[in-house]
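Notes to accompany the following structure.
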Amino acid sequence: MNVSSFPEGFLWGVATAAYQIEGATDEDGRGESIWDRFSHTPGRTAHGDTGDVACDHYHRWESDLDLLVELGVDAYRFSIAWPRILPTADIDQVNEAGLTFYEQLVDGLLDRGIKPFATLYHWDLPQVLEDKGGWANRETAYAFADYAYTIAERLGDRVSGWMTINEPWVVSVLGYERGEFAPGRTSLTDSLAASHHLLLGHGLAMHALRDLDVNSEAGIVLNFTAQEAKSDHPEDRDKQRFEDGTNNRWFIEPIVGKGYPEDILADLRWDQSPVLPGDLEIISTPIDFLGVNYYTRVIVGDSPAAPTLVSDPNLTEMGWEIYPSGIYEFLTRFHHEHHIKKFYITENGAAMRDVPDDEGFVDDQDRIEFLRRHFAEGLRAIDDGAPLAGWFVWSMMDNFEWASGYGKRFGVIRVDYETQQRTVKSSGRWLADVIEANGLSTST
Ligand code: IFM
């Protein structure tokens, strides 16, 4: 058998996020989040879907953790719902039931030999903070740091990895500029302020974690989308520079201490009024790892030139091009440009047209092919020196895909939303084999 192996100790995992799986939005003292408000607003999500029940993980967490054992993962990436911990966002009103839920989850993982990786913010801002301006308000960054401290004080001795913010690009651009995600605002000024305050919140939370001397590593999770010009026409090349700058450079460059990209600042004509003295130092507090979320590529440019580049017509159910070499390109690029000392792929996966049989089993060879090709690109990046230390597949199970609702399924485990029955898909079984072999073989 011919096996291409990942390095010894490579960390294999799957990922989820609180609002996408937990349900129980009204239980045990949880406060309202911006996603509760947004998904309950008519017209915001496909079919009016909400996270009220989702995968009912809040009540089924123990059997869900048993499924992780079936997958054979070393680590599990989940997120903590801020409104379960601080329902009113008042630091003096900690909801003990919320802390207990995550404490049980973490202990349940440890009992099963699985390392907990906790994301502190995966988009479910307490609505009370949005009412005061949300991430466009600097105070939210300080509130986030207090929340991070509260959680880490309780769980810092048991969590292996902390991820401060998930995908600040999505929060600021889709949430505050395009209005496609919660809180549904449409202001470039707010979006730029939000992007800065998310980074500030990240830096302040890193300080909180360092102050507590938690027994774990910490970093941030950024999403990267490969951007390519449709032709060599100068207009298309310039569009590519701009899109790459806003999508792929805007957040990482301040984090590694280079500040916001000058060319993009000039393009946006941003007055930078939210950036106060000292902020960039806080934002560039050293991270232990960079979490990379990678899904697709887009081809940009509207010049009159004939396109010389077109996307692969094989799209996922999200309409996203399947472009595995993007993962190689980002890992090697950031390794060389920014000398990142450790990467985790914190999300990678695909929504596919899953067709269950009568028993609910899904033979998702297309998802296996997607993952196989991306893993191969990760291996290629490692061979070329990129310090890639682990991989979390998105997602452990089908879940609430934000504005797309339940129609888009990313899981390696199927969820029947009528019965809450879970069934491991072919991709889940295949993933378990890859994890066991710590590599790809010609037979997997
Ligand atoms: O489901 C999301 C996840 O919450 C954040 N990253 C992208 C995934 C797929 O859209």
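Each ligand, and each atom within it, is numbered from 1 in the order the structure gives.
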Check: Phe289 ring centroid to Phe343 ring centroid under 6.0 Å: no
His122 near ligand 1 by a heavy-atom separation under 4.0 Å: yes
Protein contact of atom 5 (C) of ligand 1 - nearest heavy atom, named by residue and atom, plus distance: Glu347 OE1, 3.2 Å
Trp320-ligand 1 polar pair, N/O distance under 3.5 Å: no
Parallel, tilted or perpendicular: ring planes of Tyr344 versus Phe117, cut at 30 and 60 degrees: perpendicular
Ligand 1 to Asn293 polar contact by distance, N or O atoms, under 3.5 Å: no
Distance from atom 1 (O) of ligand 1 to nearest protein heavy atom, with residue and atom: Glu401 OE1, 2.6 Å
Cation-pi geometry met for Arg77 and Phe392 (6.0 Å, 45°): no
Asp384 CG: over 12 foreign heavy atoms closer than 6.0 Å: yes
Atom indices of ligand 1, in the order listed, that fall short of 4.0 Å to a heavy atom of Phe410: 9 (C), 10 (O)
Pair Thr25, Tyr19: side-chain N/O donor-acceptor within cut-off below 3.5 Å: no
Those atoms of ligand 1 less than 4.0 Å from some heavy atom in Glu167: 5 (C), 6 (N), 7 (C)
Phe6 and Phe375 aromatic ring geometry - parallel, tilted or perpendicular at 30°/60° bounds: perpendicular
N/O separation below 3.5 Å, Trp402 to ligand 1: yes
